[in-house]
Amino acid sequence: MPDKRITLVGRHYATKSRRSAPVKTPGGRLVAKVIKKKSKGPICSDCKCSLLGIKSMTNSAYKNSKKRQRTVSRAYGGSACGGCVKTRIMRAFLLEEHKAVKRIMSTKN
């Protein structure tokens, strides 16, 4: 049975996106405070791990936030994690080295 002392504020339908918790006001009465849904936060596009250094906010909150809270100052800053960027750079470098070696080997023969 719900607590009868809580004063409901605003709309009262208890849906998944509109949960409430009792909060005691400075005046001493219990008021229902609406709890926001938590967001999962940004994930890496390659390995799907969570990105460090970026706040977990809703999409509308990202729009109003500062750029330093949305990205990391690195290549692929807000979309890929540091490990994946490192492997991309290594792969590109090794491919170029392989091409250079092939070119040298073809001129020797």
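In this chain, numbering begins with 1 at the start of the sequence shown.
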Looking at every non-hydrogen atom in both residues, tell me the closest pair between Val85 and Ala80 and how far apart they are. CG2-CB, 4.0 Å

Show every donor-acceptor pair shorter than 3.5 Å between a side-chain atom in residues 22-32 and any protein atom, with sequence neighbours excluded, or say none if there are none.
{"unit_1": "Thr25", "atom_1": "OG1", "unit_2": "Arg29", "atom_2": "N", "d": "3.4"}
{"unit_1": "Thr25", "atom_1": "OG1", "unit_2": "Arg29", "atom_2": "O", "d": "3.1"}

Using a 4.5 Å cut-off between side-chain heavy atoms of Ile, Leu, Val, Met, Phe, Trp and Tyr, which other residues end up in the same hydrophobic cluster as Leu94? Phe93

Could you state the interatomic distance from NZ (Lys66) to NZ (Lys55), rounded to the nearest 0.5 Å? 8.5 Å

In the hydrophobic clustering that connects Ile, Leu, Val, Met, Phe, Trp and Tyr at side-chain heavy-atom distances below 4.5 Å, which members other than Met90 occupy its cluster, ordered by chain and number? none

How about Tyr76: does its OH atom have over 12 heavy atoms from other parts shown lying under 6.0 Å from it? no

Under 6.0 Å from the CZ atom of Arg74, do we count more than 12 heavy atoms belonging to anything else shown? yes

Quick one: which residue pairs count as a side chain to side chain donor-acceptor pair (under 3.5 Å) with a foot in residues 89-103, not counting sequence neighbours? none

Over all atoms of both residues, closest heavy-atom pair of Lys63 and Arg70: O-NH1, 3.9 Å

Result block: side-chain N/O donor-acceptor pairs under 3.5 angstrom for residues 38-54, not counting sequence neighbours:
{"unit_1": "Ser39", "atom_1": "OG", "unit_2": "Met57", "atom_2": "N", "d": "3.4"}
{"unit_1": "Ser39", "atom_1": "OG", "unit_2": "Met57", "atom_2": "O", "d": "3.2"}
{"unit_1": "Ser45", "atom_1": "OG", "unit_2": "Ser79", "atom_2": "O", "d": "3.4"}
{"unit_1": "Asp46", "atom_1": "OD1", "unit_2": "Arg88", "atom_2": "NH2", "d": "3.1"}
{"unit_1": "Asp46", "atom_1": "OD2", "unit_2": "Arg88", "atom_2": "NE", "d": "3.3"}
{"unit_1": "Asp46", "atom_1": "OD2", "unit_2": "Arg88", "atom_2": "NH2", "d": "3.1"}
{"unit_1": "Lys48", "atom_1": "NZ", "unit_2": "Ser45", "atom_2": "O", "d": "3.0"}

Are any side-chain N or O atoms of Arg18 and backbone N or O atoms of Val34, one a donor and one an acceptor, separated by less than 3.5 Å? no

Sequence-distant partners of Arg68, salt bridge (charged side-chain N to carboxylate O under 4.0 Å, His left out), two or more places apart: none

